[in-house]
> 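First, the structure itself, so that you have it in front of you.
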Amino acid sequence: VKDAILIKDKLAKKKLLISANYFDPIKKCMDFRIFKYDLSKYEDNWETVYISNPCISQFNGMPSWGGGLAFAENSSVLLSLGDVLHDGVNYKNLVSDINSDYGKVLLIDFDTKSKEIYSVGHRNPQGIIKTNSGNIIAVEHGPDGGDEINLILKGKDYGWPLSTLG
């Protein structure tokens with residue numbers, strides 16, 4: 001488990017959202033998922049609301065997945081996803097690939113299961129919050145130190161893997 005947050009849905013029911021790595025035994029690869037649990041029900045009701053794309057078959061351990069969650073608005077959360085070493089040096093560059101979810105901050109609607117790219121160019125964003133004033137802030141690990149605290153702006157490219165201060 002990478003992160004967990006409590007939220008309320010449109011009907012004010014409490015939900016628990018969990019972000020975690022998941023090994024797909026059929027595809028024999030790793031992806032990243034968000035699971036939702038309705039705390040108003042007593043039975044087992046885990047539901048998958050997001051699965052990252054693509055499923056990663058080339059990886060070394062559990063590198064730079066990110067996985068921070070922050071409540072955004074209504075039925076949406078922000079998810080910070082790292083590059084999983086797919087930076088163009090270690091493995092194929094997925095950060096710059098618009099069809100890949102990696103190296104990005106995503107806005108995910110946990111009711112409709114839709115996703116939107118919020119920002120790109122991230123190496124390993126971990127914690128993410130939305131402040132009371134509406135600013136979105138994320139902390140990110142650099143490759144050799146050079147860790148960052150970023151104000152996350154919609155549509156912005158934060159430069160990884162082409163530029164880094166690490």
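Quantities reported herein were computed from a predicted structural model and do not represent experimental measurements.
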> Assigning hydrophobic clusters by single linkage (Ile, Leu, Val, Met, Phe, Trp, Tyr; side-chain heavy-atom cutoff under 4.5 Å), is V95 placed with L78?
no
> Do I136 and V105 have side-chain heavy atoms sitting under 4.5 Å apart?
no
> Have a look at W65 and tell me which of N124, I56, L85 forms a side chain to side chain contact (heavy atoms under 4.5 Å, CB included) with it.
I56
> Any chain of hydrophobic side-chain contacts (each under 4.5 Å) joining I129 to I18?
no
> I'd like to know whether CZ of F23 has more than 12 heavy-atom contacts from other residues, nucleotides or ligands below 6.0 angstrom.
yes
> About how many Å separate CG of N53 and CG of D101, when rounded to the nearest 0.5 Å?
5.5 Å
> Between the side chain of S19 and the main-chain N/O of G67, is any donor-acceptor distance below 3.5 Å?
yes
> Please report the interatomic distance CH2(W160) to CD(E140), rounded to the nearest 0.5 Å.
9.0 Å
> Could you note down all residue pairs passing salt bridge (charged side-chain N to carboxylate O under 4.0 Å, His left out) where residues 38-56 supplies at least one of them, sequence neighbours left out?
K15-D38, K36-E47, E47-K113
> For I51, is there any backbone N or O sitting under 3.5 Å from a side-chain donor or acceptor partner on D31?
no
> Which heavy atom of P161 sits nearest to which heavy atom of N93, and what is that distance?
CG-ND2, 3.7 Å
> Measure the spacing between CD1 of I128 and CD of Q126 and express it to the nearest 0.5 Å.
11.5 Å
> Mind checking whether E73 and K130 have side chains closer than 4.5 Å, heavy atoms only?
yes
> So L81 and S52, do their side chains get closer than 4.5 Å, heavy atoms only?
yes
> Is the shortest heavy-atom distance from the side chain of V84 to the side chain of Y91 under 4.5 Å?
no
> Decide whether D109 and S75 meet the rule of one side-chain donor and one side-chain acceptor closer than 3.5 Å.
yes
> Would you check if P54 and L94 make a side-chain contact, meaning some heavy-atom pair closer than 4.5 Å?
yes
> Within the side chain of K104, is there an N or O that forms a donor-acceptor pair under 3.5 Å with the backbone of Y102?
yes
> Going from CG on L106 to CD1 on I117, what distance comes out if it is rounded to the nearest 0.5 angstrom?
6.5 Å
> Distance only, no hydrogens: is a donor on one side chain within 3.5 Å (strictly under) of an acceptor on the other, for S64 and D83?
yes
> Determine whether Y118 and I152 make a side-chain contact, defined as any pair of heavy atoms from C-beta on separated by less than 4.5 Å.
yes
> Set out, in order, the CA-CA distance, both residues' side-chain angles and the distance that settles side-chain contact (heavy atoms from CB on, under 4.5 Å) for I149 and I137, then state yes or no.
CA-CA 7 Å; I149 299 173; I137 299 172; 3.7 Å; yes
> Rounded to the nearest 0.5 Å, how far does OH of Y22 lie from SG of C55?
9.5 Å
> Among pairs that include at least one residue of residues 122-150, which meet ring-ring contact (aromatic ring centres under 6.0 Å, His included), considering only residues two or more places apart or in two chains?
H122-Y158
> Got a donor-acceptor contact below 3.5 angstrom from the S80 side chain to the G68 backbone?
yes
> Is any side-chain heavy atom of Y37 less than 4.5 Å from a side-chain heavy atom of N45?
yes
> Give me the atom names and distance for the closest heavy-atom approach of F71 to I7.
CD1-CG2, 3.4 Å
> If you measure from CD1 on I108 to OG on S114, what distance do you get to the nearest 0.5 Å?
9.0 Å
